[in-house]
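Given the structure is predicted, the values throughout are model-derived calculations rather than measurements. All ligand and atom numbering here is 1-based and tracks the order in the structure.
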Amino acid sequence: MTDFSEFGFSKPTLSVLKEVSYEQPTEIQEKTIPLILAGADVMASAQTGSGKTAAYALPIIECLQDPENKPRALVLVPTRELAIQVEEQFRLFAKYWKLQTVTLYGGTGYDAQISALKKGVDVIVATPGRLLDLIEKRCVDLGKIEMLILDEADRMLDMGFMPQVRRVISKISAERQTLMFSATINSQVEWIAAEFMHNPVTVRANKQHIEPVEIDQRIYHVNEFGKDALLVQLIKDLEMQSVLVFTQTRRKASWVTSRLRAADVPAEEIHGDIAQNQREKTLARYRKGAFAVLVATDVAARGLDIPSISHVVNYDLPEAPEDYVHRIGRTGRAGRAGIAISFVSEGESYLVRDIEKVIGRVLDPASQIQKTTAARRLRLTPRRRVV
Ligand code: AMP
């Protein structure tokens, strides 16, 4: 097993790793860090929760310290929340270095971002749309970028960002080092890699399952109208201290928050209808433990890295089974145990089966029984009755 010191990291970096209690590199870190330090283009398959951010942030910070050839780095991410998380990790790992970072994302004013850019930056973490806006306004120059990272590349593809990503990359020198991280490597992702990278080395971690470990996953069958009462009861009975509740829509997030408050459970909401600066304030308070329950939609909670989250509750199941994996990955962080609870109303049972296919195991034995009885019922139904 590799030790962080075996990568040849500098003393300041090793001190920070000690402070944050990272004892050993994770699998993805062990495999990618030496390649990145050697200057290779790397395509890595790693999901959130695997330590992927540190897998690129740590070697990049080391490279940025080289006074002879100080490169600049650009990290492209699909969402604002992930941008914030990634920048946070850069700041944390580089706390003993003078490193200028900036986060560029939409839904918030330009002034602060433009003035940060004017001061000069070493690392830009950006969503593609806002970055292009700023390029067009001539506020950002990508001429000095020598390290390019595409994080959650599969998600960027799914969200339709590739035309924007392509335009951004056309402004960057071909002499760069390019790193790509993706939860899944499918043919589309490989295609993108072939387009943007030079002889990439492919690294896979946890290739069997994309389901995070250490998470106790439970299912509760409940009538749609009984979800609020069950949520309050579970929060109280299980004495949940730090819960993230997912709803399918913004309106439902507001509704659930109001029901929790009415039951004297301190709750706050984050979703697309809440202004960005307000969301950030709420997240900062949640991180500090100022209230117990955060109710969120998928986009707002993506990439959240709050190690103290003990429970994730799927008030509604996600339509896309991959989102289930992302959601439950918010708990069980940094090797801590976590509990994921999913409410399943009658109309949502089919979603459980889709999720089971993605995570590769049975979540709900009841769904198997239902499946067989449903199949039997189907067989018993006279086919020609409706004709
Ligand atoms: P990520 O996959 O980048 O979202 O990281 C998942 C979580 O693992 C974050 O909370 C990191 O702070 C934590 N983490 C990353 N690397 C390590 C490590 N080597 N040891 C312990 N925790 C880590």
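To the nearest 0.5 Å, the span separating CD1 on Ile33 from CD on Glu62 amounts to 9.5 Å.
Listed by number with element, the atoms of ligand 1 under 4.0 Å from a non-hydrogen atom of Gln24 are 18 (C), 19 (N), 20 (N). Interface of Ser50 with ligand 1, defined as ligand atoms under 4.0 Å from a residue heavy atom, comprises 2 (O).
For Phe4, the ring pair (Phe, Tyr, Trp, His ring centres under 6.0 Å) test picks out no residue, with sequence neighbours left out. For Phe291, the ring pair (Phe, Tyr, Trp, His ring centres under 6.0 Å) partners two or more places apart in sequence, or in a different chain, are Tyr286.
Contact annotation for Gln89 and ligand 1: only side-chain heavy atoms (C-beta onward) come within less than 4.0 Å of the ligand. Residue contacts with ligand 1, taken as heavy atom pairs separated by less than 4.0 Å, involve Phe4 solely via side-chain atoms from C-beta onward.
With contacts defined as side-chain heavy-atom distances shorter than 4.5 Å, the pair Phe246/Asp323 does not qualify.
Between Tyr22 and ligand 1, a contact under 3.5 Å exists for at least one N or O pair. In terms of N/O distances under 3.5 Å, ligand 1 is approached by Gly51.
When ring centroids are compared, Phe181 and Tyr56 come within the 6.0 Å threshold.
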